[in-house]
Number of protein chains: 2
Amino acid sequence: MKSEKISDAVVRRMPVYLRYLNELHNRDVMTVSSQELGQNLDLNPAQIRKDLAYFGDFGRKGIGYDVAYLIEKIRQILNLDQEISVALVGAGNLGQALSNYNMYLKDNMKIVAVFDIAEAKIGTQINYLSVQPIAELPETVKKLGIRIGIITVPHWEAQRVADQLVEAGIQAILNFAPVILKVPPGVRVHAADFTTDLLSLAYYLDQGKEHSNES
Amino acid sequence: MKSEKISDAVVRRMPVYLRYLNELHNRDVMTVSSQELGQNLDLNPAQIRKDLAYFGDFGRKGIGYDVAYLIEKIRQILNLDQEISVALVGAGNLGQALSNYNMYLKDNMKIVAVFDIAEAKIGTQINYLSVQPIAELPETVKKLGIRIGIITVPHWEAQRVADQLVEAGIQAILNFAPVILKVPPGVRVHAADFTTDLLSLAYYLDQGKEHSNES
DNA sequence: TAGATTGTTAATCGATTAACAATC
DNA sequence: TAGATTGTTAATCGATTAACAATC
């Protein structure tokens, strides 16, 4: 166990480990080596050992890592040993899709409220939650102890929504809108903007053969 | 202009630049400096200049970058000066949401076909496209010159779908399923898995004050 | 001209990987 | 014991940032 500051790259790999470990657990696998983890996650085994060692001595030399134990530890690291309440702002198609994903994320993270700006959306049901007007955000955040906000509104509304989330006391934001949000220090924003990923894919296409009918 | 290999980090910033430049263009801004770009995109100006310089001398000393010209250049870099056809596999909620996004991505990238495995989905309309059975993938890919695939199927089907996309000759995949896909070299995969982003956010939450009613 | 800003080299910083003693 | 595998240090690699001459 060290007490250096842990880099974002390391933190972001933790959920990846967790996911695969859960899979192993479901298959009743008891133990796993960094070697095997690396193979399946396309990562260097040394990196995996180093990542985990930042947080503690979780492995056993000659043996590997106990799957159930490591799951427990990573959940603690990620604060997922407590239930974390999430607010979704934007009840459009994407918001709808995410809230259905809820059941997947049995990882102690739960969308407990949905908000929208549009009058028409208010009161409609999304996955057993009634869409609330954004004016109710501060009160609901306080009442339900919401700590994370997900933004799925159109890009021109994203910054305003972010401001309101911050104002309401949210600590972290997952932003699906294709804009760079400005937030005060202490609030964490992760960009989940897939247009960036998609457009950058085009760079890697073979030049030339745009549309060939041969084979 | 250099001819080093260009890192993924650099490529991924290109769409970010493009997006902001488009915004400037809409506001009739003619010229922009790396300084100002950096301010608005939360990036170091030197980094921006270096990124752009990999691809050519696009700026003018003392002046900055011509917005329209830089847009044109970045589009060329990203192969967006030609129309790029995209297939969407998975007509669920998320797929639905993405295909509605189509109009946003006027960046010459277009979803031209939607596939699904489930019988029930076949033939339903998604954003003016009729959902096709996955068996038609190879033929449609060839016929429409599709080069990129988006995977929005459940995670246990993702690898099989990826195999089929690769088999059909697709060159790049945007994967929304929370699994690491195995693909042959030459096929590019970008992960758009938001569960990773969301879970890692939890790490940054203030410890302790899980649910406070004071304020 | 003076001020601004690029493109690029050099310096710094950080992250990944290799190597290996410790030990199960 | 012999083989496997960790945790960790050192080496490498790569990416970011600073600095500045060139020049609009």
Side-chain angles (χ1 to χ4, degrees), chain A residues 1-14 16-17 20-21 24 29-74 77 180 196 200 203, chain B residues 1-14 16-17 20-21 24 29-74 77 180 196 200 203:
Chain A
M1 170 100 79
K2 327 242 201 68
S3 58
E4 310 169 39
K5 210 154 297 151
I6 286 153
S7 85
D8 189 41
V10 173
V11 173
R12 272 172 192 267
R13 280 192 292 269
M14 289 297 145
V16 178
Y17 300 149
Y20 186 68
L21 288 164
L24 290 178
V29 177
M30 291 323 226
T31 264
V32 68
S33 67
S34 60
Q35 166 83 194
E36 194 198 322
L37 281 169
Q39 208 122 52
N40 286 282
L41 301 176
D42 264 331
L43 295 170
N44 183 298
Q47 183 173 61
I48 296 176
R49 292 201 298 280
K50 202 162 195 274
D51 283 355
L52 295 173
Y54 280 115
F55 300 101
D57 287 7
F58 301 144
R60 291 218 294 155
K61 291 175 210 230
I63 310 288
Y65 299 90
D66 182 277
V67 171
Y69 181 68
L70 192 51
I71 287 175
E72 190 196 327
K73 283 305 175 183
I74 294 183
I77 291 162
I180 308 295
T196 300
S200 65
Y203 175 82
Chain B
M1 169 101 77
K2 328 242 200 67
S3 58
E4 311 169 37
K5 210 155 294 152
I6 287 153
S7 86
D8 190 40
V10 173
V11 173
R12 272 171 192 266
R13 279 190 293 268
M14 290 297 145
V16 178
Y17 300 149
Y20 186 66
L21 289 164
L24 290 178
V29 177
M30 292 321 225
T31 264
V32 68
S33 67
S34 61
Q35 166 83 193
E36 195 199 323
L37 281 170
Q39 208 121 55
N40 285 283
L41 300 176
D42 264 330
L43 294 170
N44 183 298
Q47 183 172 61
I48 296 176
R49 294 200 298 279
K50 200 160 197 275
D51 282 356
L52 296 173
Y54 281 115
F55 300 101
D57 288 6
F58 301 145
R60 291 217 294 155
K61 291 175 212 235
I63 309 290
Y65 299 90
D66 182 278
V67 172
Y69 180 69
L70 192 53
I71 288 175
E72 190 196 328
K73 284 305 175 184
I74 294 183
I77 291 162
I180 308 295
T196 301
S200 65
Y203 175 82

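Sequence lines set the chain letters: A, B, ... in the order given, protein chains first and strands last, and positions in each chain run from 1. Because only heavy atoms are used, hydrogens play no part in the values below, and waters and symmetry mates are left out as well, while side chains stay in.
- Rounded to whole Å, the distance from CD on Gln35(A) to P on dG3(D) is 17 Å.
- Atom OH of Tyr65(B) is separated from atom CG of Asp57(B) by 9.0 Å, given to the nearest 0.5 angstrom.
- Atoms CG (Leu37(B)) and P (dT5(C)) sit 12 Å apart, rounded to a whole Å.
- As a whole-Å value, the separation of Asn44(B) CG from dT12(C) P is 16 Å.
- With a cut-off of 3.5 Å on both pairing distances, the Watson-Crick or G-U wobble partner of dC20(C) is dG7(D).
- The distance from the CG atom of Leu37(A) to the CG atom of Leu52(A) is 7.5 Å, given to the nearest 0.5 Å.
- Contact between the side-chain N/O atoms of Ser7(B) and the OP1/OP2 oxygens of dG14(D) is not found at any separation under 4.0 Å.
- Comparing atom distances between the Gln47(B) side chain and each of dT16(C), dT16(D), dT5(D) picks out dT16(D) as nearest.
- Taking atom CG on Asp42(B) and atom C1' on dT17(D), their separation rounds to 15 Å, with Å as the unit.
- Among dA19(C), dA10(D), dG7(D), the nucleotide with an atom closest to any side-chain atom of Lys50(A) is dA10(D).
- For the residue pair Ser200(A)/Arg12(B), the side-chain donor-acceptor check at 3.5 Å is not satisfied.
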task: Would you check, one step at a time, whether the test side chain to side chain contact (heavy atoms under 4.5 Å, CB included) holds for Leu21(B) with Ile74(B)?
output: CA-CA 10 Å; Leu21(B) 289 164; Ile74(B) 294 183; 3.7 Å; yes
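- How far OG of Ser34(A) is from CD of Gln39(A): 10.5 Å, rounded to the nearest 0.5 Å.
- Contacts between residues 59-70 of chain B and DNA chain C, defined by a heavy-atom separation below 4.0 Å, involve Gly59(B), Arg60(B), Lys61(B), Gly62(B), Ile63(B), Gly64(B), Tyr65(B), listed by number.
- When rounded to the nearest whole Å, the span between CZ of Phe58(A) and P of dC24(C) equals 18 Å.
- Per the geometry, CZ belonging to Phe55(A) stands 17 Å off P belonging to dT6(D), to the nearest Å.
- When the P atom of dG7(C) is taken as reference, atom CD1 of Ile48(B) falls 12 Å away, rounded to whole Å.
- Residue Ser34(A) has no polar side-chain atom (N or O) positioned under 4.0 Å from OP1 or OP2 of dT5(D).
- Across dA18(C), dG7(D), dT5(C), the shortest atom-to-atom separation from the side chain of Ala53(A) is found for dG7(D).
- In this structure, the separation between CZ on Arg13(A) and CG on Asp8(A) is 10.0 Å, given to the nearest 0.5 Å.
- Asn40(B) places a side-chain N or O within 3.5 Å of a backbone atom of Glu36(B) that can act as its donor or acceptor partner.
- Following rounding to the nearest Å, Asp8(A) (CG) and dT16(D) (P) show an atom-to-atom distance of 13 Å.
- Taking for each of Arg49(A) and Val10(A) the nucleotide of DNA chain C with the nearest heavy atom, the 5'-most of the two is the partner of Val10(A).
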